[in-house]
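Since the structure is predicted, the reported quantities are computational estimates derived from the model, not experimental observations. Sequence positions, counted from 1, serve as the residue numbers for this chain.
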Amino acid sequence: MFLRKLTVIVLPLGMLLLICLLLSPLSALGPFFGSLALGVLLGTALSLLLPLAGATRLREPFAHLLWIPAALTLAVLLYQYLASMGTEVPLLRLLSTRDSRVITVEGAFAAYMIAFSVRTGKGI
């Protein structure tokens, strides 16, 4: 029991240290891909921390449906990448952003949904 409590305390702190160490190499990838990689790292780390918090169900009945919002989020990220390269579709101008924080959050949501879907559902 003590080892489990120690793992719950130490592992998130270790992941936080890893993210802090990887922050400068990830920013060297550029404003779009650096933010996207940071978001993917954060989302995946968050989904892997769920078993430590007590979410140990291996089968969630509707977890395999998480690929739908994940695919939509990835489509928005693809459009934002194309908009950052100069290609813009007039109907989708509301989705284009050059703010790296938004790209980080979208990458984190997509990675979290995909990793949680694969871990608890039937996968993609």
Side-chain angles (χ1 to χ4, degrees):
M1 192 70 168
F2 176 72
L3 189 59
R4 180 177 169 92
K5 289 180 183 179
L6 186 65
T7 304
V8 170
I9 293 170
V10 172
L11 195 61
L13 293 175
M15 286 185 172
L16 181 66
L17 178 67
L18 179 69
I19 289 171
C20 288
L21 290 175
L22 290 177
L23 196 57
S24 63
L26 288 178
S27 64
L29 293 175
F32 184 81
F33 287 113
S35 300
L36 183 63
L38 179 63
V40 167
L41 182 66
L42 288 172
T44 306
L46 183 63
S47 68
L48 294 177
L49 285 177
L50 282 175
L52 291 176
T56 56
R57 285 182 69 182
L58 294 179
R59 290 286 173 204
E60 221 22 77
F62 298 109
H64 63 280
L65 293 176
L66 284 175
W67 68 270
I68 296 170
L72 291 174
T73 306
L74 290 174
V76 168
L77 282 167
L78 175 66
Y79 174 73
Q80 287 176 349
Y81 172 70
L82 291 175
S84 72
M85 297 303 288
T87 307
E88 288 195 28
V89 178
L91 295 175
L92 298 177
R93 278 200 185 135
L94 291 173
L95 299 177
S96 77
T97 182
R98 298 206 183 346
D99 191 1
S100 62
R101 295 172 295 184
V102 174
I103 295 169
T104 301
V105 170
E106 288 172 350
F109 273 121
Y112 174 79
M113 288 184 283
I114 290 172
F116 190 72
S117 173
V118 169
R119 189 181 74 78
T120 59
K122 295 175 184 172
I124 297 174

Co-membership, hydrophobic cluster, residues Leu74 and Leu36, 4.5 Å side-chain: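 Looking at the clustering, Leu36 is in the same group as Leu74.
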Can you name the nearest heavy-atom pair linking [X] to [Y], along with the distance?
X      : Y      : result
Ala111 : Gly39  : CB-O, 4.5 Å
Glu106 : Thr73  : O-CG2, 3.4 Å
Leu29  : Gly34  : CB-N, 3.8 Å
Ala110 : Ala70  : O-CB, 4.3 Å
Phe32  : Ile103 : CD1-CD1, 3.3 Å

With Leu38 via side chain to side chain contact (heavy atoms under 4.5 Å, CB included) - residues at least two apart: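 Partners of Leu38 by the side chain to side chain contact (heavy atoms under 4.5 Å, CB included) criterion, ordered by chain and then number, come out as Ile19, Leu23, Leu26, Leu42, Thr104.
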Hydrophobic cluster partners of Leu17 (side-chain heavy atoms under 4.5 Å):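 Members other than Leu17 - counting any ILVMFWY side chain reachable under 4.5 Å - are Leu21.
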Partners passing ring-ring contact (aromatic ring centres under 6.0 Å, His included) against Phe33 (at least two apart in sequence or in another chain):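 For Phe33 the ring-ring contact (aromatic ring centres under 6.0 Å, His included) partners, ignoring immediate neighbours, are Tyr81.
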